[in-house]
Amino acid sequence: SLQPAQATIGAGDIIGVISFTAASDTSGGDANATAAAIEVSAEDNFSSSINTTTMSFKTGASEAATTKMSIRSNGRVISQSNAGSWLAMNGTGTVAVLDSYNISGISDNGTGSYDMTHAVDFSNDDYSAPATCNLAGGSISSVNTYVGTANLIAYNKDGSVADPSRLSCTAHGDIPF
């Protein structure tokens, strides 16, 4: 059992670390840096009713090990190989989220145009956000991606903007650990 020395735990405090090193390797340099680590840190100040933590997995790649994947207290896994967010929504009548991950809301901007807002923002606006819709012969485009939102526009087979009854989008890119 790993146990921190401090009497109180604050947000960001490291609670425990298991590090893997080859400190005795005679090659020096990167060979002696931390090759991998598992680190647990507090997400918030601990109290009698709060002990939220993040577990980070670190690996080296010709460097001291850096975080490559984290598991948050809410079960969210953050990794560059995972979708940063995804959305399935109804785009007709009163628009509604059917299911989602890391989406805090949607906005109806008028016929066939929607904004999906990320609960946790991407690090930049260079992420990919391909989308699909169920308009027969139609298509959808992710016109603009911003750090906190992506604008989606649906077109029918004639190229006119239209409301689909089902729209889905998955966004991949850099989300901060």
Side-chain angles (χ1 to χ4, degrees), residues 1-89 96-107 115-132 142 144-152 167-177:
S1 171
L2 298 174
Q3 202 168 346
Q6 64 264 48
T8 58
I9 303 294
D13 285 352
I14 295 172
I15 298 169
V17 178
I18 301 171
S19 294
F20 303 88
T21 61
S24 300
D25 189 294
T26 58
S27 303
D30 286 344
N32 302 123
T34 300
I38 301 169
E39 179 180 288
V40 176
S41 60
E43 291 178 12
D44 203 347
N45 296 329
F46 275 31
S47 70
S48 62
S49 61
I50 297 173
N51 70 343
T52 54
T53 56
T54 295
M55 180 176 283
S56 299
F57 296 85
K58 300 179 176 194
T59 57
S62 294
E63 63 182 351
T66 58
T67 300
K68 303 301 190 299
M69 182 180 78
S70 294
I71 303 173
R72 304 295 301 256
S73 61
N74 62 4
R76 185 168 168 240
V77 176
I78 302 171
S79 167
Q80 294 308 313
S81 63
N82 293 354
S85 66
W86 56 263
L87 166 72
M89 63 172 276
V97 173
L98 303 172
D99 202 358
S100 68
Y101 171 74
N102 192 32
I103 299 294
S104 63
I106 54 172
S107 301
D115 287 336
M116 65 178 204
T117 302
H118 310 294
V120 174
D121 291 349
F122 282 81
S123 298
N124 56 55
D125 62 1
D126 297 327
Y127 58 93
S128 170
T132 62
S142 174
N144 294 301
T145 54
Y146 304 98
V147 172
T149 61
N151 175 247
L152 310 168
L167 181 147
S168 300
C169 181
T170 304
H172 291 266
D174 296 331
I175 287 197
F177 285 101

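Taking every heavy atom of both residues into account, Gly148 and Asp121 meet most closely at CA-OD1, 3.3 Å. Closest heavy-atom contact between Asn124 and Asp174: ND2-OD2, 3.7 Å. Contact record, Cys169 with Ala129: SG-O, 3.7 Å, taken as the closest heavy-atom pair. Considering every non-hydrogen atom in both Phe122 and Gly173, the closest pair reads CE2-N, 3.6 Å. Scanning all heavy atoms of the two residues, the minimum distance from Ala83 to Thr170 falls at CB-CG2, 3.6 Å.
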Would Lys68 and Glu63 count as a salt bridge (charged side-chain N to carboxylate O under 4.0 Å, His left out) here? Give the steps. CA-CA 13 Å; Lys68 303 301 190 299; Glu63 63 182 351; 3.1 Å; yes
Given Asn151 and Asp115, is the side chain to side chain donor-acceptor pair (under 3.5 Å) satisfied, shown in steps? CA-CA 4 Å; Asn151 175 247; Asp115 287 336; 2.9 Å; yes
What donor-acceptor contacts under 3.5 angstrom involve side-chain atoms of residues 16-26, with partners at least two apart or in another chain?
| from | atom 1 | to | atom 2 | distance (Å) |
| --- | --- | --- | --- | --- |
| Asp25 | OD1 | Ser27 | N | 2.7 |
| Asp25 | OD1 | Ser27 | OG | 2.8 |

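Interatomic distance, OG of Ser100 versus CE of Met89, reported as 11.0 Å (0.5 Å rounding). Atom-to-atom distance recorded for Asn45:CG and Asp13:CG is 8.0 Å, nearest 0.5 angstrom. With values rounded to the nearest 0.5 angstrom, Thr54 atom OG1 is found 7.0 Å from Ile78 atom CD1. The structure places OG1 of Thr149 at 9.5 Å from CG of Asp125, a figure rounded to the nearest 0.5 Å. Atom OG1 of residue Thr52 and atom CG of residue Asp44 lie 5.0 Å apart, to the nearest 0.5 angstrom. Rounded to the nearest 0.5 Å, atoms CD1 (Ile50) and OG (Ser73) are 10.5 Å apart.
Using a 4.5 Å cut-off on side-chain heavy atoms (C-beta onward), Ile15 and Phe46 make contact. Contact of the Thr117 side chain with the Ile103 side chain is not registered, since no non-hydrogen atoms from C-beta on lie closer than 4.5 Å. Annotation: side chain of Trp86 is not in contact with side chain of Asn102 (no heavy-atom distance under 4.5 Å). Phe57 has its side chain out of reach of Glu39: every pair of non-hydrogen atoms, C-beta onward, lies at least 4.5 Å apart. Between Ser85 and Met116, the closest side-chain pair of non-hydrogen atoms falls below 4.5 Å. With contacts defined as side-chain heavy-atom distances shorter than 4.5 Å, the pair Leu167/Thr132 does not qualify.
Side-chain polar atoms of Lys58 and Ser56 form no donor-acceptor pair below 3.5 angstrom.
Applying the side-chain hydrogen bond (donor to acceptor under 3.5 Å, both in side chains) rule to Thr53 yields no partners; only residues at least two apart in sequence or on another chain are considered.
Checked against a 6.0 Å centroid threshold, the rings of Tyr127 and His118 count as neighbours.
A side-chain donor-acceptor contact under 3.5 Å links Ser47 to the backbone of Ser49.
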